Every structure is written in C-alpha cells, then in structure tokens.
Amino acid sequence: MHITDIMRGNSPTFSFEFFPPKTPEAAETLYQTIRDLESYMPHFVSVTYGAGGSTRDLTHDLVERIQRTTKLDPIPHLTCVCHNEQEVEEILLRYAKSAIGNILALGGDRPAGIAYDKSRDSFQHAIDLVKFIRRFNESGAHPDHRGFGVGVAGFSEGHPAMPNRLLEMDYFKAKVDAGADYIVTQLFFDNRDFLDFRERCALANIHIPIIAGIMPITSISGLKRMAELAGGARFPGKLLRALQRCQSDPEMVRRVGIHYALEQCHDLLDNDVAGIHFYTLNRSGATRVIFDTLGIPRHRGVQASSV
C-alpha cells in the first residue's frame with residue numbers, strides 16, 4: 001500500500017523496525033517477534049539495510065517474505081553507500097515486481113571493516129537517491145501508477161555531520177522537496193527536541209507527516225551501544241539518574257526504560273504526533289508492553305501468520 005494511503009485518515013500511525021537476521025538463531029528470534037507483533041497490526045514495518053553489502057540480500061529476502069507470508073506492510077530501507085545507479089534500479093525493479101509500495105531513502109552509514117571511497121558512489125547524499133526513485137516512478141515500472149512512496153530520515157537533535165542548524169534545515173528542505181512523502185526521525189529521548197524539529201520544519205514550509213522514532217532502553221549494555229551508534233543522541237539527566245539507581249538490577253533497568261519510553265509516547269500523542277515508529281531490535285517484549293499500556297486499538301483484523 002502506498003504511504004499516502006496508509007497515512008490518510010490513520011493518524012497517528014504505529015510502526016515497527018526490524019533488521020535482517022545473520023544467524024539461524026537470530027532468524028528464529030525475529031520470526032517469533034513478527035508473530036508476536038503481527039497481531040498488533042502496525043500500519044507498516046521497516047527493514048534496515050546493511051552498509052557495504054553486509055545484509056543487503058538478507059534485507060531483500062526478509063522484505064519479500066514479510067510481504068508474502070504476513071498481513072504486514074513492509075518498507076525496505078535503501079541507502080546510498082557502495083551503490084551505482086544500475087544496482088539501485090535492479091533493486092527497485094525487484095521490489096516493484098513484488099508489489100512493495102514504499103522505500104525509505106537514506107544516506108547510510110560508512111561500512112566498517114572494508115575499504116570505502118565515497119566518491120565512487122553514484123549517490124553522494126540521500127537527496128540524490130530520492131531524485132532517482134522519483135525518476136524511476138515516472139518510468140511506469142511500478143504496478144501503482146504513483147510508483148513508490150518515499151520516506152526520508154529526520155534528525156530531531158540535528159544531523160551529526162552538520163553542526164550548522166540553519167544550513168542543515170536548508171539541506172533537509174531540499175531533500176524533502178526532491179520528492180519525500182513522509183519523514184521518520186532518528187531515535188531521541190527528549191520530546192522537546194522532536195517538537196522543536198517539527199516546528200522548524202513548519203517554518204521551512206515542510207508539511208509532510210513527521211513520524212517520531214522511539215527506542216525503549218532495556219539494558220545498560222544496550223544504552224551504551226545506542227550511544228555509540230546513534231550519532232550523538234542526547235540522554236537526559238532524568239533518564240540517566242533513573243537508570244543509575246537500578247543499574248545492578250537488569251529487570252528494573254528494563255522496567256525503567258520501558259516506562260520512560262511510555263511517557264514519551266503519551267506526551268507525543270498529547271501533542272498530535274503523526275506517528276510513532278518503534279525501533280524493536282527484533283524483540284517484541286518492550287513494544288508489546290507499551291502498546292498494551294497505551295491501549296492502542298488494532299486498526300484492522302488479521303489472520304494467523306505463516307512465517
């Protein structure tokens with residue numbers, strides 16, 4: 001389903017993010033997560049994409065399996081890193097053939113452990129990828145006459161590579177104007193950052209839906225890894241103080257992290273957020289607790305999964 005159809009009349013939306021499994025054990029964990037979360041009938045789910053080819057084929061396979069065997073609507077990530085135009089066109093043709101309705105177009109992270117020369121990429125920035133997908137849409141190769149719906153990333157706390165916030169918004173505005181239908185933000189822990197970002201988008205005449213990215217903290221090790229990977233994410237003192245009080249008790253850490261994310265969600269809903277996107281880390285427990293506590297209605301019926 002095209003993202004404009006998903007968003008129309010369904011605000012706020014609720015969605016999940018998965019990443020492709022690398023081992024049989026991880027695959028089983030993921031498929032159990034999908035079974036657990038399918039009954040919640042999110043409006044869509046997204047599937048991440050590894051840099052430098054690390055999980056690319058796994059992403060394609062997972063997206064198509066979700067499309068084929070569940071009632072979920074998958075949105076694959078697609079990045080600029082280590083790609084030429086022919087490769088991206090082949091991926092888009094594959095997804096079009098499978099009736100995938102949407103793409104999340106991202107700059108992508110620099111691949112670790114391999115030699116990488118960014119200047120050799122056909123797409124230097126996400127805006128280039130957005131423009132290419134829009135040109136593909138005009139070719140008529142997609143079964144939907146509109147082509148793919150296109151999402152882009154937003155950075156509530158500011159893009160880590162662009163400290164000049166005024167110039168950052170100029171670049172972001174250009175990316176959106178290139179053909180984005182919606183925005184999903186990087187994770188954040190202070191809702192004031194998200195609300196300020198949303199206001200600055202409105203001032204820049206950006207009026208497409210902005211979906212908030214939420215990741216519940218469920219362990220101290222997860223917190224540290226998040227700090228390493230999230231490109232400068234800020235952790236409010238209130239959150240760190242609560243975690244510090246119970247850091248020797250893993251179950252209490254989990255409860256505190258879920259409670260904090262739940263409070264974020266309540267506040268976002270009170271502020272008319274367009275949608276909430278949960279970074280699940282391929283596990284369903286925290287997301288299910290939040291859903292159940294928020295009392296989010298299932299937006300349509302679902303049959304048993306066959307994953």
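What you are looking at is a predicted structure, and each value in this text was computed from that prediction instead of being measured.
A salt bridge does not link E138 to R135: none of the charged side-chain nitrogens sits closer than 4.0 Å to a carboxylate oxygen. Ion pairing between a basic and an acidic side chain is recognised when a charged N comes within 4.0 Å of a carboxylate O; D36 and R288 show such pairing. Residues R94 and E90 are not paired through a salt bridge, judged by the lack of any N-O separation under 4.0 Å between the basic side chain and the carboxylate. Ionic pairing of D5 and R146 is present here: one or more N-O contacts between side-chain nitrogen and carboxylate oxygen are shorter than 4.0 angstrom.
E28 places none of its side-chain heavy atoms less than 4.5 Å from the side chain of Q32. Side-chain contact check for R165 versus E168: some heavy-atom pair is nearer than 4.5 Å. In this structure the side chain of K131 reaches within 4.5 angstrom of the side chain of I127, judged on heavy atoms. Between D61 and R65, the closest side-chain pair of non-hydrogen atoms is not below 4.5 Å.
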List, one per line, each side-chain donor-acceptor pair under 3.5 Å for residues 200-220, sequence neighbours excluded.
{"unit_1": "R200", "atom_1": "NE", "unit_2": "D196", "atom_2": "OD2", "d": "2.8"}
{"unit_1": "S219", "atom_1": "OG", "unit_2": "S221", "atom_2": "OG", "d": "3.2"}
{"unit_1": "S219", "atom_1": "OG", "unit_2": "G222", "atom_2": "N", "d": "2.9"}

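Heavy-atom minimum distance, H142 versus G101: NE2-CA, 4.1 Å. Summarising the geometry of A105 relative to A126, their closest heavy-atom pair is O-CB, 4.2 Å, with the distance given to 0.1 Å. Contact detail for V130 and A180: the closest heavy-atom pair is CG1-N, 4.2 Å. The minimum heavy-atom distance linking N102 with I3 is given by the pair OD1-N, 2.7 Å.
One side chain, Y40 or D292, offers a donor N or O that lies under 3.5 Å from an acceptor on the other. Side-chain contact, H43 with S15: no donor N or O sits under 3.5 Å from an acceptor N or O. Looking only at atom types and distance, the side chain of E64 has a donor-acceptor partner in the side chain of S98 under 3.5 Å away.
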Discussion item. Evaluate D267 against F194 for side chain to side chain contact (heavy atoms under 4.5 Å, CB included), listing each step before the verdict.
Written reply: CA-CA 11 Å; D267 182 62; F194 173 82; over 6 Å; no

Worksheet item: Given the rule in the side chain to side chain contact (heavy atoms under 4.5 Å, CB included) test, do L92 and I103 qualify, once you have shown the distances and angles that lead to the verdict?
Response: CA-CA 9 Å; L92 295 176; I103 300 286; 4.2 Å; yes

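Taking the six-membered ring wherever Trp is involved, the centroid distance between the rings of F291 and F278 falls below 6.0 Å. A ring-centre distance under 6.0 Å is not found for H83 and F123. In summary, the aromatic rings of H2 and F148 are positioned with their centroids too far apart to meet the 6.0 Å limit. A centroid separation of 6.0 Å or more is found between the aromatic rings of H77 and F18. Here F197 and F172 bring their ring centres to under 6.0 angstrom of each other. Residues H60 and Y95 place their aromatic rings such that the two centres sit under 6.0 Å apart.
Side-chain atoms of T33 come within 3.5 Å of backbone atoms of N282 as a donor-acceptor pair (strictly under, hydrogens ignored).
M252 forms part of no hydrophobic cluster, judged by ILVMFWY side-chain heavy-atom separations under 4.5 Å.
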